[in-house]
Amino acid sequence: MAAMEVRLPVARKRVAQSLALAAGESNKHLVAPGDIITTDTGYMRGHGTYMGEEKLIASVAGVVERVNKLICVKALKTRYNGEVGDIVVGRITEVQQKRWKVETNSRLDSVLLLSSMNLPGGELRRRSAEDELAMRDYLKEGDLISAEVQAVFSDGAVSLHTRSLKYGKLGQGVLVQVSPSLIKRQKTHFHDLPCGASVILGNNGFIWIYPTPEQKEEEAGGFVTNLEPVSLPDREVISLLRNCIMALVSQKLILYDTSILYCYEASLSHQIKDILKPEVMEEIVLETRQRLLELEG
């Protein structure tokens with residue numbers, strides 16, 4: 001008979017809580033819906049709050065943030081709220097007249113206009129009726145793209161653009177979906193990691209992991225995708241990075257290039273499938289957090 005591994009449930013302490021205390025994060029003001037934030041009437045009401053009986057009350061569960069006299073609550077788990085300049089990874093859900101609908105983990109579908117994208121080869125000209133008829137040749141339902149937020153409408157819907165050659169259609173890789181609140185805002189969200197894989201950390205919580213290309217297809221205009229078989233070492237690195245990201249998410253650690261790389265290095269002594277075990281997750285995230293504290297201190 002084949003050997004079978006049986007795991008029984010055990011009570012475990014949350015490593016993230018003890019690490020947060022060690023990192024000096026205990027001063028964060030966490031609130032639940034209905035909690036009174038302040039009774040001082042001199043503060044202005046921000047997102048995630050409402051006024052009741054001259055008291056500022058939280059409407060969502062999250063962390064209280066104060067900027068001068070403005071108080072808001074940043075939800076711990078929420079849909080993506082777009083901001084101009086954000087980098088997002090999305091999936092085409094519908095092809096419409098002169099536009100594509102894109103799923104970006106927000107309340108409403110985002111929009112990518114035909115006029116807001118590069119034509120194949122980076123050609124610059126006005127869009128014609130032939131371009132409109134060929135929209136499905138460029139992008140069709142199910143395709144993954146990377147894009148930048150161009151505008152946010154009054155109802156919260158997001159308009160995207162792919163006018164830079166670094167944006168466009170995504171080829172072979174792995175998509176990981178996490179909470180947008182765990183993505184750290186940086187100057188760049190495209191990272192070529194030294195382990196041989198690259199990641200796109202979308203502000204909307206969609207992370208794309210793919211093998212680092214040997215040469216940049218600058219002349220492709222974001223439409224030529226490499227469909228060559230991915231080698232076994234590359235697939236192993238991508239799988240390892242994916243499991244490391246899931247381990248960081250399980251302990252609510254902020255995701256950016258350094259934290260992912262440190263977690264990857266801490267996991268090299270384990271098999272890929274073992275990283276998803278709770279005790280291994282805690283071990284590698286503990287080591288990652290300690291290295292990050294040493295780097296900051």
Side-chain angles (χ1 to χ4, degrees), residues 12-28 30 62-63 65 74-78 80 83 85-89 105 146 166 173-212 234-297:
R12 293 181 292 108
K13 63 178 181 179
R14 294 286 296 179
V15 173
Q17 294 177 356
S18 59
L19 287 175
L21 293 174
E25 298 178 1
S26 57
N27 58 350
K28 288 189 176 180
L30 294 173
V63 179
E65 294 185 347
K74 183 179 180 181
L76 296 176
K77 188 175 182 181
T78 182
Y80 168 64
E83 296 183 17
D86 281 355
I87 306 301
V88 300
V89 174
N105 196 27
S146 60
K166 65 181 178 179
V174 172
L175 179 68
V176 183
Q177 301 183 23
V178 304
S179 173
S181 61
L182 294 176
I183 303 295
K184 182 178 181 179
R185 292 185 177 275
Q186 296 180 284
K187 291 183 178 179
T188 177
H189 286 254
F190 294 79
H191 301 286
D192 295 336
L193 300 179
C195 57
S198 301
V199 295
I200 303 176
L201 300 173
N203 288 110
N204 59 331
F206 286 7
I207 300 175
W208 182 249
I209 312 172
Y210 60 102
T212 303
D234 286 342
R235 294 201 303 271
E236 289 178 344
V237 170
I238 291 173
S239 300
L240 189 57
L241 283 173
R242 184 262 178 194
N243 289 353
C244 288
I245 289 174
M246 299 310 297
L248 294 172
V249 170
S250 70
Q251 302 295 332
K252 302 295 185 292
L253 197 65
I254 295 297
L255 299 173
Y256 58 108
D257 55 331
T258 306
S259 65
I260 293 174
L261 182 59
Y262 282 177
C263 188
Y264 172 85
E265 294 173 351
S267 66
L268 291 177
S269 59
H270 301 279
Q271 292 188 6
I272 297 175
K273 63 179 182 179
D274 292 338
I275 296 175
L276 296 180
K277 294 180 179 179
E279 62 273 15
V280 178
M281 281 186 178
E282 292 182 355
E283 177 188 336
I284 63 177
V285 173
L286 177 61
E287 182 178 340
T288 301
R289 179 72 72 99
Q290 289 174 342
R291 289 188 65 185
L292 291 174
L293 290 175
E294 293 173 0
L295 181 65
E296 294 174 358

Should Gln251 and Arg289 be marked as a side chain to side chain contact (heavy atoms under 4.5 Å, CB included) after you check the CA-CA gap, both sets of side-chain angles, and the distance that decides it?
CA-CA 10 Å; Gln251 302 295 332; Arg289 179 72 72 99; 5.9 Å; no

Just do the side chain to side chain contact (heavy atoms under 4.5 Å, CB included) check on Ile260 and Leu201 with the steps written out, would you?
CA-CA 11 Å; Ile260 293 174; Leu201 300 173; 3.8 Å; yes

Evaluate salt bridge (Lys or Arg N to Asp or Glu O under 4.0 Å) for Arg185 paired with Asp86, printing each intermediate quantity in order.
CA-CA 9 Å; Arg185 292 185 177 275; Asp86 281 355; 2.5 Å; yes

Assess whether side chain to side chain contact (heavy atoms under 4.5 Å, CB included) is satisfied between Lys252 and Val285, documenting all intermediate values.
CA-CA 10 Å; Lys252 302 295 185 292; Val285 173; over 6 Å; no

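Between the His189 side chain and the Gly202 main chain, no donor and acceptor come within less than 3.5 Å of each other. Judged by distance alone, with hydrogens and angles left aside, the side-chain atoms of Ser259 form a donor-acceptor pair with the main-chain N or O of Ile254 at under 3.5 Å. Under the 3.5 Å distance criterion, the side-chain polar atoms of Asn105 are matched with a main-chain donor or acceptor of Asn204.
When all heavy atoms are compared, the tightest approach of Lys166 to Ser146 is O-OG, 3.9 Å. Taking both residues in full, the closest heavy atoms of Ala197 and Ile238 are given as CB-CG1, 4.4 Å, listed atom of the first, atom of the second, then distance. Nearest approach of Met281 to Ile275, heavy atoms of both residues: CG-O, 3.1 Å. Across all non-hydrogen atoms, the minimal contact from Ala266 to His270 is O-CD2, 4.1 Å. Shown here for Cys195 and Leu241, the closest heavy-atom pair between the two residues is SG-CD1, 4.0 Å. Here the closest non-hydrogen pair linking Lys74 and Glu65 is CD-OE2, 3.5 Å.
In this structure, Asn203 CG and Ile183 CD1 are separated by 7.5 Å, a value rounded to the nearest 0.5 Å. Interatomic distance, Ile284 CD1 to Leu268 CG, rounded to the nearest 0.5 Å: 10.0 Å. Taking OH of Tyr256 as the reference point, atom CG of Leu248 lies at 10.0 Å (rounded to 0.5 Å). In this structure, Lys277 NZ and Asn243 CG are separated by 12.5 Å, a value rounded to the nearest 0.5 Å. Atom OG1 in Thr258 sits 8.0 Å away from atom NE2 in His191 (nearest 0.5 Å). Of the inter-residue distances, the one linking Leu255 atom CG with Cys244 atom SG reads 11.0 Å to the nearest 0.5 angstrom.
Residues Leu292 and Leu253 have side chains in contact (heavy-atom distance under 4.5 Å, counting atoms from C-beta outward). Using a 4.5 Å cut-off on side-chain heavy atoms (C-beta onward), Gln290 and Leu286 make contact. The shortest distance between side-chain heavy atoms of Gln177 and Val249 does not fall below 4.5 Å.
Exactly one of Ile207, Leu175, Val176 qualifies for a side chain to side chain contact (heavy atoms under 4.5 Å, CB included) with Val89. That residue is Leu175.
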